[in-house]
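Worksheet: the structure to be examined is printed underneath.
Everything quoted here is computed from the prediction, not taken from an experiment.
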Amino acid sequence: MSYPVEQNEKFAAYAHPERLVSTDWLAAAIDAGALDGGKLVVVESDEDVLLYETGHIPGAVKIDWHTDLNDEVTRDYIDGEAFAALAAAKGISRDSTVVIYGDKSNWWAAYALWVFTLFGHEDVRLLDGGRDKWIAEGRALTTETTVPAPGTYPVVERNDAPIRAFKEDVLAHFGKPLIDVRSAEEYTGQRTHMPAYPEEGALRGGHIPTAASIPWARAAAEDGTYRDRSELEALYLGEAGLKEGDDVVAYCRIGERSSHTWFALKYLLGFDTVRNYDGSWTEWGNAVRVPIVKGAERGTVPAGR
Amino acid sequence: MRKLGVMNASALPAALAEIVDDFQALTEPERLQLLLEFSQGLPELPERLQDHPELLEQVVECQTPLFLTIETEPADGGAPERVRLYFKAPKEAPTTRGFAGVLHEGLDGLSAAEILAVPDDMPEQLGLTRAITPLRMRGMTAMLGRIKRKVAASGSQHAPAQS
């Protein structure tokens, strides 16, 4: 870890407190000149591709989850070469401490952090509470686009296996816990259809058999920060029934909301093996002959698995 | 940057055609900047609608909350009937607001027939698909579709009963 880790009581209870920073900490670091020289790089990653332009944390660079991190042709993430070029252009070096923040309780920021982790970027953290908390606290914003000095970033091949699950992995995972982080309507398969609108994105509604329903936003407090450890334990160990040492797969529609949950399970509760199934419902709900459960019950492990 | 040379904007109402031309004359980053300006130019709701959210309809296909409604101003003397458009989208959703701004400037005050004649794929002509991704373009296409459906429905209500 190249930049000092924040010490506070809330973070200390988490398994990996070094993965979060508070708005106070970031404001002080920026004031202290941490952004000069690329030792600390602040990245904004939002759902809305233009939100950064309306005002952002001074010195922050923008990374768009879709246009920057997704491959333009194949449904996959960019490769090592493209990631190295992106990082360098944003002033990020391999040993930079990267703090990511964004809109909607860091939903997209967590997704960007997960992609950084596919490339094994060592020190990447989330700003607890994200963009909304920073703004609610009346902190500095600017519309001036940051033009960073280029970083130096090696070409690192993505290592998907530890934190990314593919459809085949999920089929082989039955019997171990799955967390569905979508809304209750999506989970049961009873999404409302507007007149004259076909359901876009998935041909079937429902959830992967045995998946527990814990909508992602339940891990976030009103101010967009992560709930404290005991609240997260009540949610995932209590309600979802996870046990220490479990091998867990989380999913949503395209893997963004589940990145937020992945972060909570991996870094805040300390599960070693947590994978995000980014194919998620847009793949599963369209795939031929995969088992699906409709309704509020989790369902059972499909026969023959 | 490439220009979209094959699209034909001539079938569009004049104001909308002008907006499409403006976008097409720009590079991709400049197009995003122009969309941001449209988001800033989207007018506030009139007071009578501000207090009545139930009069607005949500376009659920947009990733962020967008509400819209239409009103028809009756024909006045020689002037034909005009359709007025009203949008509401949060400041935190500049892309959605930008699309709404384009449709407002391009379509507000036109006749029902003119709005219904706008091709459904008109948003593609702005040349933003690559810069903001096809996923986000769906929201704009849905917005235009919703406007056209509301205009069509409102027209059929006014149509004389068939006997």
- Query: Hey, which of L35(B), T95(B), T133(B) has the most heavy atom pairs under 4.5 Å with chain A?
  - Reply: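 Looking at each of L35(B), T95(B), T133(B) in turn, T95(B) comes out on top.
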Let me confirm one number: the [atom1]-[atom2] distance from [X] to [Y], rounded to the nearest 0.5 Å.
| X | Y | atom1 | atom2 | answer |
| --- | --- | --- | --- | --- |
| Y52(A) | L36(B) | OH | CG | 12.5 Å |
| E37(B) | E53(A) | CD | CD | 12.0 Å |
| K91(B) | L51(A) | NZ | CG | 12.5 Å |

For E81(A), look at atom CD and say whether over 12 heavy atoms of other residues, nucleotides or ligands are found less than 6.0 Å away.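 No - once you tally the heavy atoms of other residues, nucleotides and ligands closer than 6.0 Å, there are 12 at most.
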More than 12 heavy atoms of other residues, nucleotides or ligands under 6.0 Å from CD of E105(B): is that the case?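 Open.
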request  = Run through D64(A), L50(A), T67(A), V49(A) and flag the one making a side-chain contact (heavy atoms from CB on, under 4.5 Å) with I132(B).
outcome  =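 That would be V49(A).
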Measure distances from N70(A) to the heavy atoms of chain B and classify the residue's part below 4.5 Å as side chain, backbone, both or neither.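 Interface part for N70(A): neither.
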Item to complete: Check the pair R131(A), E92(B) against salt bridge (Lys or Arg N to Asp or Glu O under 4.0 Å), reporting the backbone distance first and the verdict last.
Response: CA-CA 10 Å; R131(A) 179 185 167 91; E92(B) 295 73 35; over 6 Å; no
